> 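There's a structure below that I have some questions on.
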Amino acid sequence: MDIDFVNKTQYQFLVEDIFPALHRKDKKFIVTANPEIVMKAREDDTFKKVIQEADYTVPDGIGIILAAKMLKTPLQERIAGFDLTLDLLNYADEYELSCYFLGAKEDVNEKAVKRVESDYPNIHIAGRHNGYFDFDDRKLAEEIAATSPDIVLVAAGFPKQEKWIAAYKDLFNHGLFMGVGGTFDVLAGEVKRAPEIWVKLNLEWFYRLLQQPRVRIKRTLKLFEFMWIILKNRKK
Ligand code: UDP
């Protein structure tokens, strides 16, 4: 489907690519793509271009790993956006980096940032803003860029978060940009991350469906549609 994935373990990816980039103060954009994102990219050319022009697209979802295997182009492992976020926060805490938190509802954003402040006391909070902003609000983007963050986490759901990063990252001098979906909801304690055993059994998608059936059902169907397309392609 014209999307190149990072074929490294999460550890390799961080140690070989991301930590050195943070150290050098490069500008990098990571997309954490699950099957729903890949399906969206099929329907939305602008979004597809945004993903193709990102520096890294990591396979966030067992569906991507399975598909890669079925197409005989296997990938090393799943790299989940949530796990990547925690690793970035740990690194930022160790090296006293600054982070900006853009996304989620106002109270969720506030709670998530409070949690970061208490769990990662050496992180400098460059700023925070909820995710219900006007996409064309250039002034907001300029204000965020003026805080000169080392890491910008955007939790406004796809494709908005990735499109926002692509549209405005030129305003920043440096920084690691990543769309992180529902991560702030988990940090804020509003939504529970699937327990380890569900993740290990590759059933995180099912856990999320059980947790929020009404919100998730349409998205889970997209996952099956994706697998169906892969299956058809494999037969060809
Ligand atoms: N959201 C937002 N702005 C919007 C739409 C959504 O900030 O215009 C937030 C929403 O409140 C939630 C997150 O984006 O915190 C999306 O989470 P979701 O669970 O859909 O993300 P996933 O990780 O599944 O992609």
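None of the values given here were measured: they were computed from a predicted structure. Index from 1, following the sequence. Whatever order the structure lists ligands and atoms in, that order sets their numbers, starting from 1.
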> Answer yes or no for K160 and F47: cation-pi contact, defined as NZ/CZ to six-membered ring centre under 6.0 Å and angle to ring axis within 45°.
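Ring-cation test returns no.
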> Taking only Lys NZ, Arg NE, NH1 and NH2, and the carboxylate oxygens of Asp or Glu, determine whether E190 and K105 approach each other closer than 4.0 Å.
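So E190 does not pair with K105 through a salt bridge.
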> Return the closest protein heavy atom for atom 13 (C) of ligand 1 as residue, atom name and distance.
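Looking at atom 13 (C) of ligand 1, the protein heavy atom closest to it is G181 O, 3.5 Å.
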> Is E36 near ligand 1, meaning one of its heavy atoms is under 4.0 Å from it?
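No heavy atom of E36 comes that close to ligand 1.
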> Between M70 and R234, which heavy-atom pair has the shortest distance, and what is it?
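The answer is O-CD, 3.1 Å.
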> Applying a 4.0 Å heavy-atom criterion (strictly less than), which segment of E190 is in contact with ligand 1: side chain, backbone, both, or neither?
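The answer is neither; E190 stays 4.0 Å or more away.
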> What part of K160, side chain from CB on, backbone N/CA/C/O, both or neither, has a heavy atom under 4.0 Å from ligand 1?
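Within the 4.0 Å criterion, K160 contacts ligand 1 through side-chain atoms alone.
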> State whether the shortest distance between N or O atoms of G103 and N or O atoms of ligand 1 falls below 3.5 angstrom.
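No, since none of the N or O atoms of G103 sits under 3.5 Å from an N or O of ligand 1.
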> For atom 7 (O) of ligand 1, what is the closest protein heavy atom, and at what distance to 0.1 Å?
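So the nearest neighbour among protein heavy atoms is A104 N, 2.9 Å.
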> For ligand 1 and G131, I'd like to know whether there is a polar contact (N/O to N/O, distance under 3.5 Å).
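For ligand 1, there is an N or O atom that lies under 3.5 Å from one belonging to G131.
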> Tell me whether the rings of F133 and H129 are parallel (<30°), tilted (30 to 60°) or perpendicular (>60°).
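Ring orientation, 0 to 90° scale: perpendicular.
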> How close do K27 and K169 get, heavy atom to heavy atom, and via which atoms?
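Minimum heavy-atom separation between K27 and K169: NZ-O, 2.9 Å.
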> Would you mind checking which non-hydrogen protein atom is closest to atom 5 (C) of ligand 1, with the distance to 0.1 Å?
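Among all protein heavy atoms, the one nearest atom 5 (C) of ligand 1 is A156 O, 3.4 Å.
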> Can any side-chain N or O of N34 pair as donor or acceptor with the backbone N or O of D60 at less than 3.5 Å?
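Not confirmed, N34 side chain does not pair with D60 backbone.
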> Ignoring angles and geometry beyond distance, decide whether A155 reaches within less than 3.5 Å of ligand 1 through its nitrogen or oxygen atoms.
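So ligand 1 has an N or O lying under 3.5 Å from an N or O of A155.
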> Short list, please: which atoms of ligand 1 are under 4.0 Å from a heavy atom of D185?
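Answer for ligand 1: 12 (C), 15 (O).
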> List the closest protein heavy-atom neighbour of atom 1 (N) of ligand 1: residue, atom name, distance to the nearest 0.1 Å.
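Minimum-distance protein heavy atom for atom 1 (N) of ligand 1 reads Y132 OH, 3.3 Å.
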> Measure the distance from atom 21 (O) of ligand 1 to every protein heavy atom, then report the residue, atom name and distance (to 0.1 Å) of the closest one.
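For atom 21 (O) of ligand 1, the nearest protein heavy atom is G182 N, 3.1 Å.
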> Looking only at heavy atoms, which two atoms of P121 and D93 are closest? And how far apart?
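Taking P121 first and D93 second, the nearest heavy atoms are N-OD1, 3.4 Å.
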> Can you check whether R219 has an N/O within less than 3.5 Å of an N/O in ligand 1?
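So ligand 1 has an N or O lying under 3.5 Å from an N or O of R219.
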> At their closest point, which heavy atom of W164 faces which heavy atom of F135, and how far apart are they?
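Of all heavy-atom pairs spanning W164 and F135, the closest is N-CE1, 3.4 Å.
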